[in-house]
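Below, chain A is the first sequence line, B the second, and so on; all start at residue 1.
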Amino acid sequence: MEREKDSVHEEQEHDEVVGTPGTPEAAHACESRSVLILNSVLGLFATREVGLESEREVKSRHDLNRVVHRMLILGLVFCTVTLFIGLALSAIYHHPLPAKVLPFREIFKGLKTGSPPSFLSLGILMLIATPVLRVFGSLVEFVVKRDWRYACITLTVILILGVSVFIGR
Amino acid sequence: MHVFLLIGLLVGAFGAMLGVGGGIMLIPLLTVVLGVPIKTAIGASIICVIATSSAAGAVYVGRGLTHNRLAMVLEIATTGGALTGGITAMLISPHLLTLFFGMILVYVAFSMRKLPKEDRTASPTGLLDTSYMDPRTGNAVSYGIRNLPAGMGTSFLAGNVSGLLGIGGGIIKVPIMSLVMGVPLRASIATSNFMIGITAATSAIIYYTHGYMDPTIAIPTALGVLVGAQIGTRLGGRLRSQKLKQVFQVLLLVFAVQMFYRAMRG
């Protein structure tokens, strides 16, 4: 509501400044109006009026950073550990590095028997999963903070990721 | 294996310093110097892009430079593009892919001239406002976003290029964010770094399910990249960007010529 009032108010101010139609001032005023409309549409993503962030917003940003940071570290550590296990097993059993990354089911069968290709494949999959983890972590954080707008935006990204999984099948 | 490790190290460091995934260097190095088939090289490159993004990202997010919300918004367009690009890559011939790659190298080499050397005056705009602490001056820098629709459009394009050619797309995203969208350079590098991870994950899934992931190449290179990225994020603030850019541009053009030659040779 506040935003619409401001837009109208700004338009009125512009009208006063405009003066004779056909002058550069008038052209400029019209341009500003379409920019205002565009900005209202973009209001979907906007946070608030121009100005300094509130303390709550700053804190929510810091919290989000922390969550994302943790997800990244989690993914990276898991991935590096798995890859090193795989490489170690590879060296111990004199097993050469596999030429292809194994599909999902074969990985889990192989893990129990300690086969190097399984660990290596898992490591790579974990690496691919790390950004995804980052996105999921953000989603949870947005939901917890009840930021539904960004929860939906994040969900859309996850949806597209999901489509890429189905493309392969 | 050691060759791949070394290559990964170099690529990871460079990539982290410039906010790009390093794929732009990695793929030519793999295909031209080591004779790896292009679709496999792309598969390995995608893994390394994710590695760079995650490793350098951990540092950037820790410093509060990454604009997480902007990244999410732009990622809608970028992942959509990555999907389209990845599917197309599966369908077209390797020679065409190599040709496209050569063209992108030329574009990147020339577009790098436009990177701003210093932060332009950043100011809040009411749209996706945020701020970060500049490590050099210790001051808080506040900024907002401009020209979001243009940003979305180019993000979709960048996503396509990423899915098609296995590069992160950061070379497109960093200039767009810093020149068009009003994001200060450091923040755009950090944010782009985050975004390329997600974009690459989308294409990675497609390449993985179609069997183009080769662990013999991907793993040593990825490990090298992980270490290189750590070095790169820490060096990035100190090296003179002008010199770095020039060296990079020359290398890109050299590789572009090589790739055109390979594409034509049939």
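Considering all non-hydrogen atoms of both residues, B:L83 and A:S164 come closest at CD1-CB, 3.3 Å. Here the shortest heavy-atom pairing between A:N65 and B:T66 reads OD1-O, 4.1 Å. When all heavy atoms of B:A201 and A:V132 are compared, the closest pair comes out as CB-CG2, 4.3 Å. The nearest pair of heavy atoms linking A:D147 to B:R69 is OD2-NH2, 2.7 Å.
Here the straight-line distance linking atom CD1 of B:I219 with atom OG of A:S90 works out to 8.0 Å at 0.5 Å rounding. Remark: B:N68 CG to A:F142 CZ distance equals 7.0 Å, nearest 0.5 Å. Residue A:R134 holds its CZ atom at 8.5 Å from CE of B:M72, rounded to the nearest 0.5 Å. Atom-to-atom distance recorded for B:I46:CD1 and A:I124:CD1 is 12.0 Å, nearest 0.5 angstrom. Rounded to the nearest 0.5 angstrom, B:F194 CZ and A:L72 CG are separated by 7.5 Å. The distance from atom CD1 of A:I128 to atom CD1 of B:I47, rounded to the nearest 0.5 Å, is 4.0 Å.
Of the atoms belonging to A:L83, it is side-chain heavy atoms, and not backbone ones, that fall under 4.5 Å from chain B. Neither the backbone nor the side chain of B:I217 comes within contact range of chain A; no heavy atoms are under 4.5 Å apart. Within the 4.5 angstrom heavy-atom criterion, only side-chain atoms of A:L87, from C-beta onward, approach chain B. Interface remark: B:A51 contributes backbone and side-chain atoms alike to the contact with chain A (heavy atom separation under 4.5 Å).
In terms of heavy-atom pairs under 4.5 Å with chain A, the best-connected choice from B:A77, B:G197, B:G43 is B:G197.
Judged purely by atom type and a 3.5 angstrom limit, A:H69 has no side-chain atom pairing as donor or acceptor with the backbone of B:V61.
None of A:V135, A:I160, A:V157, A:L161 except one satisfies the side-chain contact (heavy atoms from CB on, under 4.5 Å) rule with B:E75; the exception is A:V157.
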